[in-house]
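Okay, structure first, notes after.
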Amino acid sequence: MIKELNGMAESEATQIGLDIFSEFLEVAIHSILYNRELYPAGVFERRKKYNVPVQICVHPEVNQYITQVVNGISEFNSSNQLEKVALVVCNKELQPLEKFILEINKPDMAQTQTDRYLYQLEQSLRSFLLKINMADSLLTPLPADCTWTVHATTSESAAAKRFDTNLENNFPWLEASEKETTMDNASILPLKSTTSPYINMQMYVEESKECKDS
Amino acid sequence: MSDSKKNQPEKKKRAQDDGWEERGGYMAAKKQKLYDQFADGGGTLKSNIFHGIVIHVDGYTKPSSDELKKIMHQHGGHYEHFLYKRKVTHIIATSLPNSKITKGLKHCKVVKPEWITESVAAGRLLSYIPYQLYTGQTKLQQGLSAFATESSTKICNSTIAGICTKNSLSRNLAGDNSRSGNLAEKADEEEEVDEEMKKRMEKIVKEVESGSEESDSDNEFGRYIVEETGQKQAILDDSLTNVSLDEIEASTSCTLNNRSAALPSVSLKVRTDANESVSNAMKSPSPNSKPHGRAGDPHYLSEFYNNSRLHHLSTWKSEWREYVSKKSKDMTSFPGRQALIKIVDEHAADLESRDMDYGGSMAAASAKPERVIMHVDMDCFFVSVGLRKRPDLIGKPVAVTHSKGQGKKGPVPGSDIEYEQRMWSIKKSKNTATNPDQRSDPDPSVEGFGRKGNLDSFSSMSEIASCSYEARQAGVKNGMFMGPAKKLCPDLQTIPYDFDGYQEVSQILYDTVLSFTHDIEAVSCDEMLVDCTDLLAATGANPGQFASLLRRQIHQKTGCTASAGMGGNVLLAKMATKKAKPNGQFYLKGDDVMDFMKDQSVQNIPGVGWSMNRKLKLMGVTTCGQLQEIPQSTLQKEFGPKTGLSLYRGCRGQDDRQIKTNQERKSVSAEVNYGIRFKSKMEADKFIRDLSEEVHNRLHDIGMKGRTVTLKLMVRREDAPLETAKFMGHGICNNISKSSMLPLATDEANLIYQECMTILNGLRLNCSDLRGIGIQVQKLESATVGGSHQKKSQSILNFTTSTKISSTKASPHKASVSETPKNNTIIKLGTSSTSANHESVGDTTSHKSKSVETISHIGTDPDERHWTDTLIHLDREVSPDKGSPEGALELHRHIENAFSQSPNNGDIAHDEGGNFLEGAVCQDLLSELSRRKTANRFLPPLPTLDIPSTPEYKHLLNKPSTSSAAGQGTPTTNGASVDYFPSPSQIDQDVLRELPPEIRAQIENEMQSLRREPRQARQKVPNYSEEPGCSHWTSTEPPASPRTSAPIVPLPDLSQLDESCLNALPDDMQKEIKEAYQNQQKQQQSLQCLSTVLKSPQKTSPKGKSPRKTSPHNKGRSPGKHSPQFKVPRGRPGRGRPKKLEFRQRGQPTIFSAVTGRQETILSDFASSEASLPEISEKNIDKEENDPVRVKSMEMDTAPVNLCGAVTIAEVRSLLKEWIQSSPEPEEDDEEVVTSYLQNLIMDKNLEQVDLVIKFLKRHIQRIENSNWETSFEKIVTDVQSFMKTYHGAELKIC
């Protein structure tokens, strides 16, 4: 079907992967926020992404925060040093209750030819979003007054570089404390994996029931 | 010649007086007469410039031969009327016919007469090289003039464009040469022009010296010369091509330079400077104009190997080793020994007459031979060989280098020399850090960089290969960069490499030594170790006598000096040589060893390198004497037992090393790290192909095959600049080397290439960052001995391969786009199984035709009907299920598919179709083999015969897609993915008619949409002549032979084997098959379940089943995993019990998507079919599961995580289902397999599938209510959970 196009440069494919990832991350964050009811449903607006309806937050400050988070993360990702991104839902005591984790692998460049029009990728991203919606039903409801944050797992060098430029970017990233990262008795709910030439990632939710119950 | 003939009558008269008849005939008398004539004619002797030179004039020259004769006489040379190649040293000519050049005068030095006149003008003997009429080594060393002309040609073009007509392309080189010679003469006459030129040159030289407006003036100068040429062009009214222009340029620039040298006011130094500036200026206008190719250029590799010094050195060593061992077999006599014995006798007689006692003691000594090793080493080999052609440079500091010594070429654009310097110094300081006070000891290579601090003055980065002793006195060292060397020694003269000369001298050297003894270890082209013990015992000579005789002979024969060191072992011999140099000999006698060693530097001990030296320095040890004082135990404590001991022994001059006269090669490699600048993957691909070819040639030359292929890469370090300071060098790099084991030893270029590409792709590097590539083949084994079995089995695999290649070739150029990747695929298939052996095409033709025959045979009516029946039967069987129409359609398509892949051009179509299928089957077999390897605990139960097709069917169906998927992984493909829907023309109408109406409708729809797609570029030629389906079956029969390393595949039941078919196989294959069955039986006793049945598709088929072979995709070689299609199972060894319905139904949607690439329409169908299944809850999950994007593992080196070959969840499920339902209680082994599969999935970051698998198991195990199974399940879950805990820090949530 897509024979006649010549081989895409690997760097191009990488760049596409990065862009798509950032885009998807943004949508995913919005979806999680909506699905886990971290913000009232009123601040969300229904839009269409990947040909499925998604809820996008319209609150400007939230949006700004998300944008900056996504920018920061794509920076890590562009240097290929991003391992995981976790949207962490914490309770009032800032104890993590749930983590929506996107784990990134190196995409397989050799496959670039197989999904030229990103058709398959789009489809899998769509199912990611559907899975996020579905996850809500499999997870225990969150207590009130939850807050959320984003953790990026990256190499030390990338983090150090990031800390150096924190001030310039006016959006400081900090090293997460152990308390913020560890969850006792967590269980993992796998959501979706994809391996495409552009993005190779899986998504799962880590949730700590005990914390929620307590 | 003509002159001499004119004078003949007169001469004859005089000659009669000499009584020529008595002297042996007319010619002899004539020669004598002419000689005498020469001796007494010509007047007074003015100088002795031409001493030892004998010229012969051929043809018309200017000045005439008479004048030349006079000149020669006046200046101490000799003139020969007749061409005696032994006597005549130089032939003087301005033009020669081509035939003379190629035949008669091939190895003579043919020089232009200007050499004589200008030598006279200069008052010294100039090198003849610039005056050569032609050079024997046009390709190898282009020399200064070539460099200069190359770039200036462009300017010339513009200047002389008007004058030039382009009619002389056909002109041969000789003609051009002669013209350039004439031109130079013309120039000679134009005195005014010359005068002006000299003036200008002086001016320019001054400018250059002042350093201002360098480039401008240089350019001007260059242009000036060009204009000059242009004028001359005009005068001569010659129409010239670029080629001839080059020649003229060369000669002109040389003439100019030398003329300037002749001017009294211009000193020699200025001349060199001018020389530099000339070529520099010439260069600067177009620095990129080749002489140096970039890797990826078509002729790069050959050019590289022609020019690379290291290449020559490295191949020489092995060449000489080869040579020595060959000679020692061939030659039994030692002609050289006679001379030695003679000397010994004379000497002995001498001694006897003088001192009887001493002679007696000598006899006693020779009676009990002492071990004597002699180390023969030529004195600065490259230089002394080079000086043979440049007699004028003898006694001057000379260096051999690629650099032309002009210096001052700007830094390579884009390079960052400071960076590299920094990196070097970091590297250096790392090593010196331990011992900062020892910094005074400079390492030459680092020093090179250090001195390059003032880059502005001279920045040549080419290394000095060798320099003369005069240069060494000035501090120049071998391996130094040219730039700093020039600083140290401003008069340093550079001479180019003369590989022919080296070869020649080496040859003489080795022949000379071989005439004495065969106990030689070739160290390099100019160095060898000789065990003279036997020789000395046989001749009674003492080492000194032998050494001097040998050295004398070498000097006589080659004109180069050699040094010889002798001692009781290799170490002492080498040390003695150091002392003997230059041009001396030294025998280190046993008694003197300790004293001698005391003064030696520790670095002379073998094993003491750079870092060891530093360590020793820290201990306060610099000489062996000091080292001798350290007790052995201390050394061993400090350096480890082995190194300590060797140090202890080494410093005492003890060395156990033997002379290795017959050395085995351990590895063969070809490596290039110069000029590697790939623009695209294609170039890298091409380059590796060439390099593989080179390795192949080298392997072939030594008659070896290797089992390990190592790809060595130098990759630009991330922070290193794009361009290196050394022009086209590799700069600062990371070194990567990866190996791949081959199942069979090989020397096939293609196989090596494939391995390398696999490794390269696996590394996922940016091709533009590659700076060096090397391929090494290790684990060598002889290509002939013991290879018979391998060869045979190979030939069959070659069959698939090479027929593919041939058919690829046969297919017309205009073959559709869709074809190309397939052809590649096929090649890939074949090569991954063994090697693409082009030569074996002939061999395999018979196979090819055989397959065609079978196809046609099966194509006959009854079989066809049978097949159709099968299909219908299958339909019915499947029909209760909703998914079944899909399935049938699927089958149909698959079958058709196989044929859509072949071009429809009559016979070729047949061939290719068949071959392709065979390739596919091979692939399939190989993959099975490998799967079996991974899960070889499982063995197939007995096959059931009642259901004629299904697993096999599916099995086969998968092939086209898997194999074509393989193509997508290959870098050679044009990157297009392939649609596997058959060409409309391929649809067999009969079969179509038999299909259920709705399926038919679908197919027709599909076809129509296909027709609308022009991109598909399918063949329109209808081809109904064969029954695709039937031939498909036949294609399963190729007798594939097992590979030694690949495990045996699930075998069909023994009863299924057709006796006659088996017997028809080659013996070794029969044996293999039998062995396989034996193994199988053994294993069956202990194991069961999760296995496959390969059922015969047609009971009536006369074919027996042969063992299947597949490419070992767990080896990371199968490219299939790069494509979504890969998840189509390739014949699954997990099947057996009659659970076919589920199986087929589950598998199909996957296949479908893989095959058509159109999931959308199908998914809904599939979903509906899923609905009928028990796991309704997972319906939507399944749907997603079938997303073809999902491929489990992206890792190049590992196969996708699979459970006995099942990759997709659907496959895994059906496998598990069978497992659960087939056995009352689970086997522990199987548990383990499932557990490890789940763990692999976790590590593969595919938790989703882990979840799905566990859920599936849970559901099914709960349903059967079997406590055994439940415990087993719990065990699996616990294991997985604990693994999850360690890997993710959390357990899996099991709902």
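Residue numbers begin at 1 in each chain, while the letters A, B, ... track the order of the sequences.
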### Query
From A:K192 NZ over to B:D1251 CG, what is the distance, rounded to the nearest 0.5 angstrom?
12.0 Å
### Query
A:I188 and B:A1290: which non-hydrogen atoms are nearest, and at how many Å?
CG1-CB, 3.7 Å
Cut-off 3.5 Å, no hydrogens considered: what does the side-chain donor-acceptor table look like for residues 81-90 of chain A, sequence neighbours left out?
residue, atom, partner, partner atom, Å
A:Q81, OE1, A:S79, OG, 3.3
A:Q81, NE2, A:S155, OG, 3.0
A:Q81, NE2, A:S157, OG, 3.1

### Query
Are more than 12 heavy atoms from other residues, nucleotides or ligands located less than 6.0 Å from atom CZ of A:F21?
yes
### Message
For the CD atom on A:E175, are there more than 12 heavy atoms of other groups (residues, nucleotides or ligands in this structure) within a distance under 6.0 Å?
### Response
no
### Task
List the atom of A:S193, the atom of B:L1247, and the distance in Å for their closest heavy-atom pair.
OG-N, 4.1 Å
### Query
Which heavy atom of B:K1245 sits nearest a heavy atom of A:E103, and at what distance?
CE-OE2, 3.0 Å
### Query
Rounded to the nearest 0.5 Å, how far does CG of A:N200 lie from CG of B:D1244?
8.0 Å
### Verdict with supporting geometry, A:Y204 and B:E1248, side chain to side chain contact (heavy atoms under 4.5 Å, CB included)
CA-CA 8 Å; A:Y204 57 88; B:E1248 189 190 8; over 6 Å; no
### Which atoms of A:I199 approach chain B - backbone, side chain, both or neither, heavy atom under 4.5 Å
neither
